Amino acid sequence: MENKLARIIGAIAVMACLASCSNLKYLPEGEQLYVKGNVEIDTDTIPERYIEPLSESLEELLRPKPNTTVLGMRPQLYLYNIAGEPKSDRGFRNWLKNKVGQPPVLLSDVNREYNENLLRNRLENLGFFQAQVTSDTTIDNRKATVTYTASPHIIYRIKSLSFDVDSSELGKAVKSTEPASLLQVGRPYSLDNIIAERERIDNELKNKGYYYFNPDHLIIEVDSTGGDHQVALYVMVKEETPAKAKRPYYINNIYIYPNYTLTESGYRRANLRNATLYKDKYYFIDPEETFRKFSLATPMFFEPGDLYTRHNHNSTISQLVGMGAFRFVRNEFVDVEDEPDKLDVYYYLTPMPKRGLRVELLGKTASVYNGSEVNVNWQHRNAFRSAELLTFTVFGGFETQTGGNVNLNSSFYRYGIEASLSFPRMIAPFNWQPTRRFVPHTVFRAGYEYLNRRTAYSLNSMRFSFGYLWKENIEKEHDLKVIEVGYVQPRNITESYQAMLDTVPPLRHAIEPQFTFGPIYNFTYTNSMKADPKHGIYFRGGVDLSANLYGIIRGANVNKGRQYQIFNANFSQYVKIEADIRHYLRLGPNAKLASRAMAGFGYSYGNSRMLPYVKQFFAGGPNGLRAFRARAIGPGSYTPEFYGEDNFFADQTGDIKIELNTEYRAKLASIIHWAAFVDAGNIWLQHTDSEKPGAAFSRNFVNEMAVGAGLGLRFDLTFLLIRTDLAMPLRIPYRPKGERWVMDEINFRDGDWRRNNLVFNLAIGYPF
């Protein structure tokens with residue numbers, strides 16, 4: 001094993017050397033390849049813990065950037081070199097050279113004086129007013145490294161902060177913002193904080209009515225003559241600030257144009273002769289009455305006579321956009337003649353097409369299954385003239401097995417229809433408005449699906465739900481289904497499948513009639529909207545309840561023979577809780593470490609012993625344990641039931657699930673990315689099942705975790721990400737204790753091992 005590892009490392013080293021040498025031979029005569037720019041901090045005035053972050057932030061400023069490296073090699077530079085000179089601006093060689101490849105970054109491209117000034121200016125902006133920067137170049141075998149030595153010296157700190165303003169109304173308004181200032185005495189001087197302080201003051205003034213004020217009307221003077229490496233800051237309003245920026249404004253008339261057509265010449269003022277006054281507040285220019293007036297008056301945060309505020313300005317625009325009925329939303333504030341402190345407001349709303357038809361054809365492939373699906377989606381926006389969205393969807397598809405050693409009865413086809421109606425507001429018997437910053441939605445949904453596993457059985461499924469969807473803020477979203485009803489009835493159970501039921505009794509659960517009804521709540525948190533965060537967080541958690549109160553009232557107890565039905569199906573009584581948390585650690589501009597932890601727990605009682613089949617958890621597949629096929633692992637250490645020769649049933653489900661995933665993602669070249677991943681997890685049953693030994697959850701669940709690992713390529717087409725993963729099991733939970741780790745059995749040269757252990761997944765999008 002050690003010899004194999006040594007040969008692999010040696011081969012990689014030789015490849016790196018050859019690639020490096022081959023790149024150097026293409027360099028012009030007398031030129032060197034620029035491979036790195038370093039910034040060293042020469043100081044004893046900065047705590048040690050701050051030196052490395054400062055050095056890294058300064059290195060990000062250096063220009064140009066060296067050629068991209070992967071494991072010490074420069075594949076994009078190599079592809080650029082071997083492409084040669086394309087004969088035309090089309091074709092493979094041109095694509096390889098100009099789209100995938102990178103031209104060499106030469107030492108002659110580096111302007112050391114420019115970079116020195118850049119670093120010096122940055123240090124001064126951070127408060128190091130006496131900073132010095134020098135540079136030196138090191139050349140080794142035609143590879144050049146430029147090292148910049150920065151001597152920051154002592155940082156300047158804020159000695160005092162004064163809001164030097166007059167006693168005018170504007171001066172008082174500026175002075176009132178002082179307690180929340182970002183410029184705190186004792187803190188280091190920072191130009192970034194000064195810029196942010198001007199923007200903060202401007203934002204507060206905008207919320208006090210100063211519509212025409214902007215940050216450029218403020219100046220923050222810096223006095224560093226006091227000595228002792230300290231500065232005094234003075235916040236002042238510029239003398240040349242125009243008069244209209246010095247007074248607050250109030251809202252006069254509000255005009256809403258809900259059926260505006262944008263012309264090539266841009267927006268033009270609406271004709272007010274057809275304006276209709278609504279509730280003495282809003283003028284509507286809508287002769288054809290395309291929208292009910294209340295539906296557009298509700299999102300308005302302004303009323304005549306209100307003080308202008310940026311909050312109400314932005315909130316109104318956000319509400320109108322969030323209704324989902326308009327292609328363009330624009331507003332305009334216009335000075336009122338003879339009333340210098342008032343503004344008329346115009347809202348120009350360009351509707352989306354009322355009706356739309358979309359057809360989607362999907363190819364599906366995962367592990368040994370392949371299939372296709374078509375969705376026909378018809379939408380009617382503004383169905384009842386209040387921005388409602390009415391949707392009808394007809395779908396159909398099939399999936400069939402093309403290989404592997406799983407049960408052929410997994411092949412199926414399905415079709416169905418779904419209708420939904422979404423209102424951009426809360427519809428409730430009481431006044432409930434969780435937030436006005438974002439548009440809430442009330443959603444009704446109903447659907448029917450027919451699934452036919454051709455050689456086994458068919459299922460008729462019907463569902464209905466009513467609930468609310470709203471965002472608390474930009475990071476938090478709530479989805480509450482006040483009631484969701486699901487009804488499943490099996491049909492056409494074949495004789496061959498009935499025979500399998502006699503051999504494998506647990507398969508009966510998949511064809512049991514099911515009836516569920518109750519509320520479902522899900523909460524989602526994410527900070528993904530932040531600009532390139534160092535730590536990205538995603539959390540989704542929820543609870544699903546069914547027949548809890550009804551089952552208690554009926555006194556249901558399946559263990560005592562008191563089990564009740566609704567529509568010829570035993571109603572399900574359970575509590576199901578799920579949580580999914582993900583963390584994305586940015587390791588660089590083109591690399592990150594993505595991790596996920598999932599847990600699900602279902603507790604069935606009263607009228608049920610386990611979760612209904614459609615609500616149970618499963619493991620494996622292209623978005624979970626990628627080294628195992630979907631539904632082919634678990635529950636617990638239960639060994640899959642075999643039927644016939646080398647065929648087992650990929651239909652394992654459970655009431656409890658735990659899964660952990662981590663994946664390193666990095667860019668290779670152009671649209672090509674790669675990943676290395678490890679997955680672990682399993683499912684379990686809530687209760688002991690004599691027909692599934694080892695399937696129940698216990699305190700020893702860790703010893704029953706499946707583990708897999710693999711590598712993958714991703715092709716990022718911007719609008720679509722195609723993912724390929726090749727994985728293999730490292731730990732198989734249904735093997736005997738002491739034999740579950742199988743790393744010592746890995747043998748890529750053995751055809752049987754590859755066929756039984758390597759799992760290829762082709763999917764769309766990231767797994768998490």
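For this chain, numbers begin at 1 and follow the sequence in order. What you see is a predicted model; the values in this text were computed from it and never measured. Just so it is clear, the values below take in all heavy atoms, side chains as well, and ignore hydrogens, waters and symmetry mates.
- Side-chain contact check for N623 and R596: no donor-acceptor pair (N or O, by modelled atom type) lies under 3.5 Å.
- Using a 4.0 Å cut-off between charged side-chain N and carboxylate O, R740 and E704 make no salt bridge.
- Applying the 6.0 Å contact sphere to NZ of K534 captures more than 12 heavy atoms from other residues, nucleotides or ligands.
- Sequence neighbours left out, the pairs with a member in residues 562-579 that pass salt bridge (charged side-chain N to carboxylate O under 4.0 Å, His left out) are K576-E578.
- The aromatic rings of F466 and Y468 stand perpendicular to each other, their planes meeting at an angle above 60°, with 30° marking the opposite boundary.
- Taking F677 as the reference, R626, E663, D679, D725, A727 meet the side chain to side chain contact (heavy atoms under 4.5 Å, CB included) condition, with sequence neighbours excluded.
- Exactly one of N375, I417, V374 qualifies for a side-chain contact (heavy atoms from CB on, under 4.5 Å) with V394. That residue is I417.
- Shown here are the side chain to side chain contact (heavy atoms under 4.5 Å, CB included) partners of L713, two or more places apart in sequence or in another chain: L668, I672, W674, F715, T724.
- The aromatic ring centres of F523 and Y525 sit 6.0 Å or more apart.
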(request) Mind running salt bridge (charged side-chain N to carboxylate O under 4.0 Å, His left out) on E484 and K615 for me, showing each step along the way? (result) CA-CA 13 Å; E484 182 180 81; K615 297 287 187 177; 3.4 Å; yes
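- Applying the ring pair (Phe, Tyr, Trp, His ring centres under 6.0 Å) rule to F697 yields the partners W684, F701; only residues at least two apart in sequence or on another chain are considered.
- A donor-acceptor distance shorter than 3.5 angstrom exists from the side chain of N527 to the backbone of I537, with no hydrogens or angles considered.
- A donor and an acceptor atom, one from each side chain of R540 and T524, are located under 3.5 Å apart.
- Listed by chain and residue number, L758 satisfy the side chain to side chain contact (heavy atoms under 4.5 Å, CB included) test with R754 (two or more places apart in sequence, or in another chain).
- Salt bridge annotation for R735-E745: present, with a cationic side-chain nitrogen under 4.0 angstrom from a carboxylate oxygen.
- Listed by chain and residue number, Y415 satisfy the ring pair (Phe, Tyr, Trp, His ring centres under 6.0 Å) test with Y450 (two or more places apart in sequence, or in another chain).
- Ion pairing between E418 and R445 holds under the 4.0 Å rule for side-chain N and carboxylate O.
- Scored by the side chain to side chain donor-acceptor pair (under 3.5 Å) test, R586 finds D532 as partners (sequence neighbours excluded).
- Note: F571 and Y550 have perpendicular aromatic rings, judged against thresholds of 30 and 60 degrees for the angle between ring planes.
- For the ring pair (Phe, Tyr, Trp, His ring centres under 6.0 Å) test, no residue two or more places apart in sequence or in another chain qualifies with Y574.
- With sequence neighbours left out, the side chain to side chain donor-acceptor pair (under 3.5 Å) criterion links N703 to no other residue.
- Applying the side chain to side chain contact (heavy atoms under 4.5 Å, CB included) rule to S422 yields the partners L389, H441, V443; only residues at least two apart in sequence or on another chain are considered.
- Scored by the side chain to side chain donor-acceptor pair (under 3.5 Å) test, T688 finds no partners at all (sequence neighbours excluded).
- Side chains of D655 and Q616: a donor-acceptor N/O pair is present below 3.5 angstrom, by distance only.
- In the model, N661 has no side-chain atom that pairs as donor or acceptor with a side-chain atom of R582 under 3.5 Å.
- In summary, R414 and E399 do not engage in a salt bridge, as defined by a charged side-chain N under 4.0 Å from a carboxylate O.
- Not a single ring pair (Phe, Tyr, Trp, His ring centres under 6.0 Å) links Y564 to another residue, sequence neighbours left out.
- The neighbour count for K592 NZ, taken as heavy atoms of other residues, nucleotides or ligands under 6.0 Å away, does not exceed 12.
- For the residue pair Q565 and N570, a side-chain donor N or O sits within less than 3.5 Å of a side-chain acceptor on the partner.
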